[in-house]
**Q** 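I'd like to ask you about the structure that follows.
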Amino acid sequence: MSKIILINSSFTQLAREFSNFGPPLGILSIASSLCEAGYDVLFVDPQLETDYLKILEEALCDDILFIGFSVYLGENIANTIELTKRIKNSHRNIPIVWGGPIASALPEICLREGGADYVVMGPGERSVVELAGHLQENNGIKLQEHPHISLIMPDDSYKQGEIHRLSENLDDMPRIRLDLWRKGVDHSKTVPLISSRGCPYKCSFCYNTFTNQGRYLLRSSESVIAEMDYWHQLFGNASFTFMDDNFLINEKRALDILRTSEERGYNVTRVYGHLSNFTPAVRKIICDKKINVTMCIESGSKKIRNLLNKPIDIDKSLQLIEQLTSCKVTFVTAFMFGLPGEDDEDILESLKVANSIRKVSAGYASSMFYLYAPQPNDLIINSGSNCYSDKIDFTFNSLSGVEVIPIPPTDGIDLKLRPWMNAADTDFYKALAMAWLYTFVPQYRRKHSDLNLEQLFANSTRLSNLFKTAGVVNE
């Protein structure tokens with residue numbers, strides 16, 4: 001018995017405005033390790049297969065070693081629970097394995113309430129192969145003793161594993177098996193790549209901070225280029241998108257990859273980076289090749305940036321945006337709202353910065369709106385005067401309803417997750433989200449040209465005053 005089913009539960013069954021089709025690279029990386037170890041992996045992605053339930057039912061007729069999911073905030077949780085229950089109702093003896101940020105943060109709840117039999121803690125490429133081996137050998141003792149696996153013991157006691165800290169040489173890890181997701185590559189018309197793991201910046205809201213504790217690893221430029229060559233030959237696709245936040249963190253490595261890509265006729269569509277990564281040489285090649293850029297600012301307020309541990313210089317950010325967009329480079333940034341202790345002055349500062357971005361970017365920049373959603377173990381709710389962790393309802397019902405862009409039709413804001421808010425705040429942030437996106441995201445404005453902004457302002461004096469004070473004018 002060596003067949004394993006992995007399911008991408010990050011798909012939407014709702015009509016979300018910003019539910020972009022996304023590559024499930026995390027769970028595909030798990031698939032890669034299992035394939036290299038000799039296991040037969042079936043990868044099921046409901047984003048691509050409308051008949052995924054039929055595919056799953058047919059696959060369950062085989063001898064299955066285990067079924068795995070990766071669990072994140074939002075609808076992913078609800079999908080994972082629903083599919084776990086469906087499988088357990090008809091095939092009770094097939095082990096269910098959960099991994100991912102939420103599983104690592106709330107393993108006992110995942111086991112006792114979610115239906116998981118095992119939770120892999122932290123990066124799971126090595127642990128899941130060991131787990132598969134123990135299951136194949138029917139070695140319950142080894143499973144119970146594994147340092148990075150959480151489970152319910154035979155006497156109903158709970159054993160929690162420690163989070164695995166990735167330390168491997170990324171060049172030695174198996175290539176993410178994008179061939180298992182070929183329909184996704186064809187659909188998105190670009191090959192998604194990951195060139196790094198972890199993050200050194202320690203933003204207080206990010207799971208990387210409390211999972212990897214500032215560790216990060218980079219693949220060599222040679223390894224990345226070799227992968228690009230491999231996929232280009234297999235897929236015939238010369239378009240590549242780097243999905244990791246830290247692609248630009250090492251200037252020499254980034255330039256090696258981008259220049260070699262150019263020499264080989266590859267098109268790099270987008271890179272992500274932090275302000276300090278945009279050196280003169282990096283800026284030049286981005287402008288020359290018209291590579292789209294994402295760099296998150298998070299807030300115009302210094303107080304909120306301190307809370308987020310995001311020490312970014314606003315003036316230098318504006319200079320970067322002006323330079324890149326003047327070269328017709330599309331620039332996407334993001335602002336976060338609804339944090340503990342946020343007041344109207346903080347919101348006003350963000351409005352001013354977004355308005356400045358709009359003025360200098362000639363329509364080539366978008367400033368996205370996100371509503372902060374606390375995660376178990378994040379530093380914002382677990383430190384100092386903002387210690388809210390004991391007051392937050394970290395249940396599956398609350399976590400699965402998280403919508404970080406609260407606009408219709410999925411515009412719920414759960415106060416059980418945000419005890420610092422009240423009902424009036426929820427109405428305000430819903431209105432702010434729509435007014436913000438209409439004003440600062442050209443794509444949203446084109447799609448919602450009939451949005452009655454005057455009515456939004458008429459219904460909220462608070463919103464109207466903020467836009468007026470910030471000098472934001474909508475024509």
Side-chain angles (χ1 to χ4, degrees), residues 12-19 72-78 102 204-205 298-301 303-304 307-308 334-351 354 367-376 378 380-382 385-441 444 448 451-470 472 474:
T12 184
Q13 303 184 63
L14 305 173
R16 283 188 165 88
E17 178 85 15
F18 292 97
S19 57
Y72 298 82
L73 276 176
E75 195 176 0
N76 166 291
I77 297 174
I102 291 299
S204 56
F205 59 90
E298 312 299 1
S299 180
S301 162
K303 181 186 83 178
I304 297 299
L307 175 63
L308 298 172
F335 290 78
M336 190 179 295
F337 298 90
L339 290 116
E342 180 182 71
D343 57 31
D344 282 3
E345 186 61 34
D346 301 315
I347 297 171
L348 180 62
E349 291 303 310
S350 287
L351 277 167
S367 297
M368 288 299 300
F369 177 105
Y370 292 103
L371 190 72
Y372 166 68
Q375 300 181 70
D378 86 31
I380 292 174
I381 59 167
N382 282 284
S385 58
N386 294 315
C387 191
Y388 286 98
S389 56
D390 293 337
K391 303 173 185 176
I392 296 176
D393 181 26
F394 281 127
T395 60
F396 283 142
N397 185 54
S398 293
L399 292 171
S400 63
V402 167
E403 178 53 75
V404 295
I405 307 179
I407 55 175
T410 53
D411 57 353
I413 297 178
D414 194 339
L415 294 178
K416 295 190 294 294
L417 279 177
R418 302 173 177 90
W420 54 88
M421 284 190 187
N422 57 39
D425 290 327
T426 66
D427 293 337
F428 166 74
Y429 282 111
K430 291 177 188 179
L432 176 62
M434 286 190 288
W436 178 283
L437 293 170
Y438 182 86
T439 304
F440 302 122
V441 180
Y444 185 84
H448 296 274
L451 178 69
N452 192 335
L453 202 60
E454 290 184 4
Q455 189 61 53
L456 280 178
F457 290 148
N459 292 341
S460 175
T461 302
R462 180 183 177 190
L463 182 68
S464 176
N465 287 341
L466 282 167
F467 270 68
K468 187 179 298 182
T469 304
V472 179
N474 276 285

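Values reported hereafter were calculated over all heavy atoms of this structure, with side chains retained and with hydrogens, waters and symmetry mates removed.
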**Q** Just so I know, are the side chains of Leu432 and Leu466 near enough to count as touching, which here means a heavy-atom distance under 4.5 Å?
**A**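 Sidechains of Leu466 and Leu432: no contact.
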**Q** Assess the pair Phe457 and Phe467: is the distance between their ring centroids shorter than 6.0 Å?
**A**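 When the ring centroids of Phe457 and Phe467 are compared, they turn out to be within the sub-6.0 Å range.
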**Q** If I take atom CD1 from residue Ile304 and atom CD from residue Glu298, how far apart are they, to the nearest 0.5 angstrom?
**A**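 Reported to 0.5 Å precision, the distance equals 11.5 Å.
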**Q** Taking the side chain as C-beta and beyond, is there a heavy-atom pair between Pro376 and Ile392 under 4.5 Å?
**A**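 Pro376 vs Ile392: side chains apart.
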**Q** Shortest non-hydrogen contact from Leu415 to Met421?
**A**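 Distance-wise, the nearest heavy atoms are CD2-CB, 3.6 Å.
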**Q** On a heavy-atom basis, which atom in Asn76 and which in Leu73 lie closest, and how many Å separate them?
**A**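 Closest heavy-atom pair between Asn76 and Leu73: CB-O, 4.3 Å.
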**Q** Looking at residues at least two apart in the chain, or sitting in another chain, which of them share a salt bridge (charged side-chain N to carboxylate O under 4.0 Å, His left out) with Asp344?
**A**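 Here the qualifying residues are Arg462.
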**Q** Using 30° and 60° as the class boundaries, would you call the ring planes of Phe337 and Phe369 parallel, tilted or perpendicular?
**A**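 Parallel.
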**Q** Looking at Ala423, is its backbone amide N or carbonyl O close enough to the side chain of Thr426 to form a donor-acceptor pair, meaning the two atoms are under 3.5 Å apart?
**A**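 Side chain of Thr426 to backbone of Ala423, a donor-acceptor pair under 3.5 Å: yes, one is there.
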**Q** Just do the side-chain contact (heavy atoms from CB on, under 4.5 Å) check on Ile407 and Tyr438 with the steps written out, would you?
**A** CA-CA 11 Å; Ile407 55 175; Tyr438 182 86; over 6 Å; no
**Q** Using the test side-chain contact (heavy atoms from CB on, under 4.5 Å), find all partners of Ala334 that sit at least two apart in sequence or belong to another chain.
**A**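 Once residues adjacent in sequence are excluded, the partners of Ala334 under the side-chain contact (heavy atoms from CB on, under 4.5 Å) criterion are Cys296, Met368, Tyr370.
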**Q** Are the side chains of Pro340 and Ile380 in touch, meaning some heavy atoms are under 4.5 Å apart?
**A**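 Yes - at least one pair of side-chain heavy atoms lies under 4.5 Å apart.
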**Q** Can you tell me how far apart CD1 (Ile77) and CG (Asn397) are? Round to the nearest 0.5 Å.
**A**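 CG of Asn397 is found 10.0 Å from CD1 of Ile77.
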**Q** Please name the pair of heavy atoms, one in Lys416 and one in Ser398, separated by the smallest distance, quoted to 0.1 Å.
**A**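 Shortest heavy-atom contact: CE-OG, 3.6 Å.
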**Q** Would a distance-only check, ignoring hydrogens and angles, find a side-chain to backbone donor-acceptor pair under 3.5 Å from Asp427 to Ala424?
**A**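 The answer is no, because no donor-acceptor pair under 3.5 Å joins these two groups.
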**Q** What's the shortest heavy-atom distance between Glu75 and Gln13, and which atoms?
**A**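 Heavy atoms of Glu75 and Gln13 come nearest at OE2-N, 2.8 Å.
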**Q** Given the rule in the side-chain contact (heavy atoms from CB on, under 4.5 Å) test, do Phe335 and Leu351 qualify, once you have shown the distances and angles that lead to the verdict?
**A** CA-CA 9 Å; Phe335 290 78; Leu351 277 167; over 6 Å; no
**Q** Using modelled atom types and a 3.5 Å cut-off, is there a donor and acceptor pairing between side-chain atoms of Glu403 and backbone atoms of Gly74?
**A**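 No, the answer is negative, given that no donor and acceptor are paired below the 3.5 Å cut-off.
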**Q** Residues two or more places apart in sequence or in another chain: which of them pass salt bridge (charged side-chain N to carboxylate O under 4.0 Å, His left out) with Asp343?
**A**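 Residues passing salt bridge (charged side-chain N to carboxylate O under 4.0 Å, His left out) with Asp343: Lys303.
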**Q** Examine distances only and state if a side-chain atom of Ser301 and a backbone atom of Glu345 form a donor-acceptor pair shorter than 3.5 Å.
**A**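 Here the side-chain-to-backbone pair does not exist.
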**Q** Whether the side chain of Trp420 engages the backbone of Gly338 through a donor-acceptor N/O pair (distance < 3.5 Å, no angle test) should be reported.
**A**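 Answer holds: yes.
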**Q** Contact between Tyr372 and Asp378 at the side-chain level, heavy atoms closer than 4.5 Å - yes or no?
**A**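 Yes. Closest side-chain heavy atoms under 4.5 Å.
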